[in-house]
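A short worksheet on the structure shown next.
In what follows, chains are A, B, ... by sequence order, proteins preceding strands, each numbered from 1.
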Amino acid sequence: MQIRSMETDQIFMNAPHFDPVKSFECGQCFRWHQQDDGSYTGVVSGKVLHVRIKDNTILLLGTSEQEFHEFWAHYFDLCRDYAAIQGRLLTVAPWMKPAITSGDGIHIFCQNLWEVYISFIISSNNNISRISGIVETISRLFGEKISSPVPGEWYSFPQPEAMEGLSEQEWRDLNVGYRASFLVDAIQSWHSCSQEVDEILLTKRKQAAYLSSCSLQKVSGIGPKVASCIQLFGTDQRNVFPIDVWVRRAMIHFYYQQNRKVRDETIQQDALMLFGHDAGFAQQYLFYHARTHFTK
DNA sequence: CCCCAGGTAGGGT
DNA sequence: ACCCTACATGGG
């Protein structure tokens, strides 16, 4: 990874095996938006960043070299050896080749657990553009305005306290549909949920957050798929394999030889057995490949 | 009009 | 343990 800083608020970067656009588009995050010129702007932990790709170089606007090293490098997961992950995946599953080829450059971002928790409850039986729209709306209404060198109006993802008082009807008025009652329950349950994270943060020495799928699924609106997405994108657990319509199609296509009658539990078990601690990365490659190559 | 979307809950055999 | 369906909303 190479960094250089020509003027204030601006950084040039080269990183092998990191493709920001694929990473933004692989469905892990909902607050990175493409501008008309093809660049992306995102709001993360109260910070705004503008990302432009030019001549094989990544241009970052809105941050300093110090903040980049302290914050963005970790968020973009730049220290992980993705080539090694791909090598391990191909060793245990050569049929992953096409998915890895199309998804090469995807990084799994280190996102805020609370934001992931709420966003993926909204995601159930919903499409990505509408999920993004709802997340943007609640940020504008209940988040805090951010001042940034990046032109535009920006709002942070709301803190739990800012949404604690919302009634089911108020959620419905935000067009979340039947997920309104889920969200009321989820925000209520967050306290006990985050307490579990805190306890583990205190008892373990590493900066590792851990949440069990079981405890997550006690919350109404969180089933196996959403729970594993919260684990994968909101904690540092990577031995999880969220199964949605696209990943199911990809697994049926590549691994089960078109056998449509495979249960999700079976797919989950097989994937964890095969990929182990790399399961989350395998899942991202499969999801991205299916989304970009499968018509239906 | 239909079907689909990063699914889940609740009810039936 | 395994089906089946309703569920809001917007887009194709």
Side-chain angles (χ1 to χ4, degrees), chain A residues 22-34 99 102-103 106-109 111 113 115-138 166-189 193 213-235 237-238 240-253 259-269 271 279-296:
Chain A
K22 283 184 194 174
S23 304
F24 297 147
E25 298 293 344
C26 73
Q28 61 179 318
C29 49
F30 302 106
R31 295 210 70 193
W32 286 94
H33 300 297
Q34 191 173 33
S102 42
I106 291 176
H107 278 206
I108 296 180
F109 297 159
Q111 301 185 66
L113 178 58
E115 179 171 339
V116 169
Y117 177 77
I118 295 300
S119 300
F120 276 90
I121 288 168
I122 295 169
S123 81
S124 74
N125 195 30
N126 212 341
N127 61 64
I128 291 180
S129 72
R130 204 164 77 89
I131 300 162
S132 299
I134 293 167
V135 172
E136 214 50 53
T137 301
I138 62 175
L166 288 180
S167 67
E168 184 176 334
Q169 185 56 50
E170 286 172 305
W171 275 110
R172 278 188 186 271
D173 294 339
L174 299 171
N175 295 330
V176 298
Y178 62 90
R179 302 165 195 83
S181 61
F182 295 166
L183 287 160
V184 174
D185 180 37
I187 292 168
Q188 185 90 20
S189 308
C193 212
S213 179
C214 186
S215 68
L216 282 168
Q217 287 185 56
K218 288 187 179 126
V219 179
S220 165
I222 299 183
K225 155 68 172 58
V226 171
S228 51
C229 280
I230 294 170
Q231 291 177 298
L232 180 57
F233 302 127
T235 77
Q237 292 158 270
R238 297 294 177 265
V240 289
F241 195 81
I243 299 167
D244 69 324
V245 289
W246 297 102
V247 172
R248 190 178 304 120
R249 281 167 196 158
M251 284 296 279
I252 286 168
H253 176 82
N259 175 15
R260 285 263 313 94
K261 282 179 60 70
V262 187
R263 298 181 41 224
D264 285 357
E265 273 190 1
T266 310
I267 302 178
Q268 170 110 17
Q269 279 180 10
F281 303 101
Q283 191 271 2
Q284 285 304 100
Y285 292 132
L286 290 166
F287 177 84
Y288 185 85
H289 181 82
R291 285 254 316 172
T292 50
H293 286 76
F294 293 1
T295 43
K296 173 195 63 123

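Between A:F109 and A:F24, the ring-plane angle classifies as perpendicular under the 30° and 60° cut-offs.
Both A:P242 and A:F182 lie close to DNA chain B; mapped to their nearest nucleotides by heavy-atom distance, the more 5′-ward contact belongs to A:P242.
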Treat primed atoms plus P, OP1 and OP2 as sugar-phosphate and everything else as base, then score nucleotides 7-12 of chain C 5' to 3': B for base contact with protein heavy atoms under 4.0 Å, S for sugar-phosphate contact only, - for none.
-> BBBB--
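Rounded to an integer number of Å, the gap from A:L216 CG to B:dG7 P is 17 Å. Atom pair A:Y117:OH and B:dG7:P shows a separation of 19 Å (rounding to whole Å applied). Atom C1' of nucleotide B:dA9 and atom CD1 of A:I121 are separated by 14 Å, given to the nearest angstrom. Distance NZ (A:K218) to P (B:dT8): 17 Å, rounded to an integer number of Å. The distance between atom CZ of A:R291 and atom P of B:dC4, rounded to the nearest whole Å, is 16 Å. Here the C1' atom of nucleotide B:dT8 and the CD1 atom of A:I222 are 11 Å apart, to the nearest Å.
With ring centers used as reference points, A:H289 lies under 6.0 Å from A:F294.
In this structure, the ring pair (Phe, Tyr, Trp, His ring centres under 6.0 Å) partners of A:F233, at least two apart in sequence or on a different chain, are A:F120. With sequence neighbours excluded, the residues satisfying salt bridge (charged side-chain N to carboxylate O under 4.0 Å, His left out) with A:E136 are A:R31.
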Check the interface with nucleotides 1-3 of chain C: list each N/O to N/O pair with the protein under 3.5 Å, or write none.
unit_1	atom_1	unit_2	atom_2	d
C:dC2	OP1	A:R263	NH1	3.2
C:dC2	OP2	A:R263	NH1	3.0
C:dC2	OP2	A:R263	NH2	2.8

5'-to-3' dot-bracket of DNA chain C (Watson-Crick, G-U; under 3.5 angstrom; crossing pairs as [ ]; | other strand) = |||||||.||||
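Nearest heavy-atom pair, A:V240 versus A:Q237, reported as atom, atom and distance to 0.1 Å: CG2-O, 4.1 Å.
Among the atoms of the strands shown, none is found under 4.0 Å from any heavy atom of A:C29.
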Indicate every side-chain donor-acceptor pair of residues 219-232 of chain A with a distance under 3.5 Å to a residue at least two apart or in another chain.
unit_1	atom_1	unit_2	atom_2	d
A:S228	OG	A:P224	O	3.0
A:S228	OG	A:K225	O	2.9
A:Q231	NE2	A:L211	O	2.9

